[in-house]
Amino acid sequence: MVRISDRLRTVAHMCEKGAVVADIGTDHGYLPIYLVQEGIARSAIAMDLRKGPLDKAKKHICDNCLEDRIQTRLSDGLEKLSANEADIITICGMGGRLIADIVTKGMNVITRNTTLIVSPQSEVGDFRHFLVSQRLVVDDEKMLKEDGKYYFIIKCRKSDENVYSEYSETQYQYGWKLLESKDKTLYEYLIKEKETNDGISNSLKKDESNPTVKLRLQQLLQKNNIIMDALSYYD
């Protein structure tokens with residue numbers, strides 16, 4: 001049995017059982033292999049832009065005798081995937097901006113029958129704004145800490161409805177699903193973020209007459225205000 005990270009295991013168990021899963025940026029193919037071995041996915045498509053990692057994925061698939069259940073495709077994002085070919089598309093281990101670009105370019109492949117499970121490693125607040133702009137509805141969001149790093153995992157689907165108009169910037173930055181459920185890992189993350197911001201602010205205050213420093217202090221204050229608003233959900 002293949003061993004995968006807690007993050008990828010969380011992604012795997014957000015997938016509906018019996019689905020066909022396309023893993024974009026599959027790297028060594030560990031997620032598709034785990035999905036099939038655990039009986040979560042009935043089949044999978046492992047896709048990557050780079051030939052080297054895809055060749056390693058092919059080897060790992062072969063080593064686990066899963067060639068009949070997992071395809072490999074050299075593909076720039078969703079380019080080599082057809083509409084409705086996969087029930088679930090997973091995109092992990094990339095920045096939010098890159099994931100947004102992949103989704104935008106492959107929007108013709110994403111139908112109302114498609115579930116997206118993504119784990120943006122940066123620009124997460126901006127990425128949630130992107131989801132809104134594309135009318136992708138968040139059905140679930142999870143957060144975990146692994147090896148000292150925090151990860152957001154978002155499960156969403158396409159919709160014709162605009163259901164986000166009343167969401168605040170705090171909810172965009174930290175996730176309305178996580179805030180509503182008073183997620184414990186998010187709370188830990190918020191406390192750590194505030195402590196970091198306070199430490200930076202205190203170190204900068206001695207030079208606050210400097211215009212650049214003054215602007216940075218204002219930015220930190222604005223960020224802390226959003227953090228405090230997020231923490232109010234836990235009262």
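Predicted model only: the values in this text are computed from it and were never measured.
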Shared hydrophobic cluster, L144 / V118 (ILVMFWY, side-chain heavy atoms < 4.5 Å): no

Do we see a donor-acceptor contact under 3.5 Å between the side chains of H129 and E123? no

Residues 211-223, side-chain donor-acceptor partners within the protein, below 3.5 Å, at least two apart:
{"residue": "K223", "atom": "NZ", "partner": "E193", "partner atom": "OE1", "Å": "3.3"}

Salt bridge or not for D55 and K59, using N-O below 4.0 Å? no

Audit row: Q71, K80, side chain to side chain contact (heavy atoms under 4.5 Å, CB included) steps and yes/no: CA-CA 12 Å; Q71 301 179 41; K80 301 298 182 182; over 6 Å; no

Same cluster (ILVMFWY, side-chain, under 4.5 Å), I153 and Y30: yes

If you round to the nearest 0.5 Å, how far is NE2 of H28 from NZ of K56? 4.0 Å

May I ask you to decide if the ring planes of Y34 and H13 are parallel, tilted or perpendicular, using 30° and 60° as cut-offs? perpendicular

Could you pull out all residues at least two apart from D126 that satisfy side-chain hydrogen bond (donor to acceptor under 3.5 Å, both in side chains)? none

Transitive ILVMFWY cluster of F152 at side-chain heavy atoms under 4.5 Å: who else is in it? V124, M143, Y150, Y174, L178, L179, L186, Y187, Y189, L190, I191, I226, I227, M228, L231, Y233, Y234

Kindly say whether A44 contributes a backbone atom to a donor-acceptor pair with the side chain of R69 at under 3.5 angstrom? no

Separation of S122 OG from I99 CD1 (nearest 0.5 Å): 8.0 Å

Audit row: Q37, L66, side chain to side chain contact (heavy atoms under 4.5 Å, CB included) steps and yes/no: CA-CA 9 Å; Q37 285 182 334; L66 293 173; 4.0 Å; yes

Hydrophobic clustering (ILVMFWY, side-chain heavy atoms < 4.5 Å, transitive) - are I88 and I102 grouped together? no

Kindly indicate, with the supporting measurements, whether the criterion side chain to side chain contact (heavy atoms under 4.5 Å, CB included) is fulfilled by V36 and N64. CA-CA 10 Å; V36 173; N64 285 276; over 6 Å; no

Is it possible for you to say whether I117 and L136 belong to one hydrophobic cluster, with membership spreading through side-chain heavy-atom contacts below 4.5 Å? no

Using a strict cut-off of less than 4.0 Å between a Lys/Arg side-chain nitrogen and an Asp/Glu carboxylate oxygen, indicate whether D198 and K194 qualify as a salt bridge. yes

Mind checking the OG-CG spacing from S5 to D147? Nearest 0.5 Å is all I need. 8.5 Å

Charged N to carboxylate O below 4.0 Å: is that the case for E146 and R9? no

Using residues 15-27 as the side-chain source, report each donor-acceptor pair under 3.5 Å to any protein atom, sequence neighbours left out, with the distance given to one decimal.
{"residue": "E16", "atom": "OE2", "partner": "K155", "partner atom": "NZ", "Å": "2.8"}
{"residue": "D23", "atom": "OD1", "partner": "T90", "partner atom": "OG1", "Å": "2.7"}
{"residue": "D23", "atom": "OD2", "partner": "T26", "partner atom": "OG1", "Å": "2.8"}

NZ (K158) with more than 12 external heavy atoms under 6.0 Å: yes

Quick one, T115 with D139, criterion side chain to side chain contact (heavy atoms under 4.5 Å, CB included). Give me CA distance, side-chain angles, the key distance, then yes/no. CA-CA 9 Å; T115 297; D139 286 329; 6.0 Å; no

Just by distance, do the side chain of E180 and the backbone of K177 share a donor-acceptor pair under 3.5 Å? no

Students should find that the hydrophobic cluster of L74, defined by side-chain heavy atoms under 4.5 Å apart, otherwise consists of L54

Value for CD (Q171) from CD (E169), rounded to nearest 0.5 Å, stands at 10.0 Å

For F127, ring-ring contact (aromatic ring centres under 6.0 Å, His included) partners two or more places apart: F130

Assigning hydrophobic clusters by single linkage (Ile, Leu, Val, Met, Phe, Trp, Tyr; side-chain heavy-atom cutoff under 4.5 Å), is M94 placed with L8? no

CG/L81 to CD1/I89 distance, rounded to the nearest 0.5 angstrom? 5.5 Å

